[in-house]
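Atoms within a ligand are numbered from 1 in the order they appear, just like the ligands themselves.
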Amino acid sequence: MYVAQPIEWTDRGVVMLDQRRLPAEEISYTYTDYREVAKAIREMVIRGAPAIGVAAAMGVALGVQKSTARTVKELETEFTVICEVLAQTRPTAVDLFWALERMKRRFAQLTGASADLAHIRPALVAEAQEVHAEKKATDEAIGRFGAEYMPREGQVMTQCNAGALATAGIGTALGVIRVAFEQGRKIHVLVPETRPYLQGARLTAWELYRGGIPLTLITDNMVGHFLRSGKVAAIVTGADRVAANGDTANKIGTYQIAVLAKENNVPFYIAAPVSTFDMSIASGEQIPIEERTAAEVTHFQGVRIAPDVPAAHPAFDVTPNRYISAIFTERGVAKAPYTESLRELVQGAPAKAAR
Ligand code: MRU
C-alpha cells in the first residue's frame, strides 16, 4: 500500500516533500543548511508532531555535519545555537523538543568519549537516521494496538492529518486505520477538512485515496451531524502534546469533536507515540498553543476570502482527558486514570494486552 515519504536523509542533504503544495503538486526540496530546515518546519513544508521531531533531529545532524568547527569546544558552541534555532520553530508539538533533547544527549555522550570530530559528525547523522527508523516501527506498533478498537465494518472519523506525512512512518491515527484496513476490516473514513490549513482535505484525503482506503470528505461544520447519525463507530486522531494527566493538544477543532463524541456515545481515541507525552506538565492548562498568522484564516493560498478584519488562528486546542476513551501508544493502550496509566507506559512497563 502507498506510504508517503515526507522526509529523507540523503548524501545530498535533507530531502522534504513540500506539504504546502499537496495535493496539486508533488515537489521536494533538498536542504543543506540547518537554518533552511528550521524555516521549513516553521513554514510547514513539513508538519505533524512526529515528523517535526524527525526534521529537527536531521536539522541538528546537518548543522553538525556542515559545521566548520575544528575543535570540540568550537563545535559545542555551534551545537547550542543549532538547537536553539530549531527549538524556536513551532511551540506546541513536543516531539520537536524530545528530538532535540535526544540529539543533545547523544552529542554529550560522543564529546565526552572522544575529541575526534571525524567520529562525532557521522555518529550524529546516524542518530538522526535512527530517530527516523524508529518512527516507522513505533507507528506500526501503535497501529497494531489501535486496530483492535476499530470496527469490523463501519465509519471511523479522524481530524487533521496524522498519517505518514505527519510522522515519517505509516502514521499514528491513519496508521491505526491502515492496519485495521489491511486486517480486512471494512472501514470507511470520514475526513473533516480541518480549516484553516485544510490538512484533512489536502493531506488526509490524498493519503487515504492513494492508499485505496475508502473515505468521505466533510466540512468541519458537518461533524455534529454525522456523529448524531449513529453511523460513526469510532474517532481516532493524533496528538501534538499529551500532558501527564492525559489532556491532549491536537489540531484546532479536535476538542469540539471530542465533546460531540461524548454527547453521541462515540468512542474518541488518541493515537500517539510516547515521545508525544510531556510528563513535565501536570495538565493541558500548561500546554503552549501556537498562534499562527491571521492571514491563514483570511486568505486561502494567497486568495483573500474575507474582508480586511481581525482574525484569530490558534493552531491547536486541548481536549480534557475525560473525553478520551483510550490512548494508543507503541507500548500499549492507556486508559483512565491517565496519570497512572501514562506513567506506567513511560516508565516502560510491559505493553498491555490490546483489549
Ligand atoms: O499544524 P500541524 O499540521 O503540524 O498539526 C498536526 C496535527 O495536529 C496532527 O493531528 C498531530 O500532529 C498529530 S500528527 C501524528
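- For Phe316, the heavy-atom gap to ligand 1 drops under 4.0 angstrom.
- The distance criterion of under 3.5 Å between nitrogen or oxygen atoms is met by Gly48 with respect to ligand 1.
- Counting side-chain heavy-atom gaps under 4.5 Å among Ile, Leu, Val, Met, Phe, Trp and Tyr, the cluster of Phe316 also holds Ile281, Ile287, Ile289, Val318.
- If you number the atoms of ligand 1 from 1 as listed, the ones under 4.0 Å from a heavy atom of Thr172 come out as 15 (C).
- In the vicinity of Lys251, heavy-atom distances shorter than 4.0 Å reach the ligand 1 atoms 1 (O), 2 (P), 5 (O), 8 (O).
- With ligand atoms numbered from 1 in the order given, ligand 1 contributes 14 (S), 15 (C) to contacts under 4.0 Å with heavy atoms of Pro50.
- Of the candidates Thr329, Ile177, Thr167, Thr138, Thr167 is the only one forming a side chain to side chain contact (heavy atoms under 4.5 Å, CB included) with Thr172.
- For the residue pair Ser114 and Asp116, no side-chain donor N or O sits within less than 3.5 Å of a side-chain acceptor on the partner.
- Under a 4.0 angstrom heavy-atom cut-off, Glu290 registers as lying outside contact with ligand 1.
- For the pair Ala239 and ligand 1, a heavy-atom separation below 4.0 Å is found.
- For the 3.5 Å distance criterion, the side chains of Asn245 and Thr339 fail to qualify, holding no donor opposite an acceptor.
- Distances below 4.0 Å separate heavy atoms of Ala166 from the following atoms of ligand 1: 14 (S), 15 (C).
- Ligand 1 lies within reach of Asn161, whose nearest heavy atom is under 4.0 Å from it.
- By the 4.0 Å heavy-atom criterion, Ala93 is excluded from the residues contacting ligand 1.
- Of all atoms in ligand 1, numbered sequentially from 1 with element shown, those under 4.0 Å from a heavy atom of Asn250 are 7 (C), 8 (O), 9 (C), 10 (O), 11 (C), 13 (C).
- Side chains of Asn161 and Arg202: a donor-acceptor N/O pair is absent below 3.5 angstrom, by distance only.
- Relative to the six-membered ring of Trp98, Lys104 misses at least one condition, a distance below 6.0 Å or an angle of at most 45° to the axis.
- For the 3.5 Å distance criterion, the side chains of His188 and Thr216 qualify, holding a donor opposite an acceptor.
- Taking a cut-off of under 4.0 Å to the non-hydrogen atoms of Met44, the atoms of ligand 1 that pass are 1 (O), 3 (O).
- Considering backbone and side-chain atoms alike, Gln159 places every N or O at 3.5 Å or more from each N or O of ligand 1.
- In the model, Glu78 has a side-chain atom that pairs as donor or acceptor with a side-chain atom of Ser67 under 3.5 Å.
- Of all atoms in ligand 1, numbered sequentially from 1 with element shown, those under 4.0 Å from a heavy atom of Gln199 are 1 (O), 2 (P), 3 (O).
- For ligand 1, the polar-atom distance check finds an N/O of Asp240 within less than 3.5 Å of one of the ligand's N/O atoms.
- Remark: aromatic rings of Tyr323 and Phe268 are distant, center separation not under 6.0 Å.
- Annotation: the span from Thr204 atom OG1 to Leu190 atom CG amounts to 12.5 Å, rounded to 0.5 Å.
- Each of the following atoms of ligand 1 lies closer than 4.0 Å to a heavy atom of Arg90: 1 (O), 2 (P), 4 (O).
- Looking from atom 6 (C) of ligand 1 to the surrounding protein, the closest heavy atom is Arg47 NH2, 3.5 Å.
- Lys39 pairs by the salt bridge (Lys or Arg N to Asp or Glu O under 4.0 Å) definition with Glu43, not counting sequence neighbours.
- Geometrically, ligand 1 and Thr167 share no nitrogen or oxygen pair separated by less than 3.5 Å.
- Here's the thing with Ala49: one of its N/O atoms is less than 3.5 angstrom from an N/O atom of ligand 1.
- With contacts defined as side-chain heavy-atom distances shorter than 4.5 Å, the pair Arg102/Arg105 qualifies.
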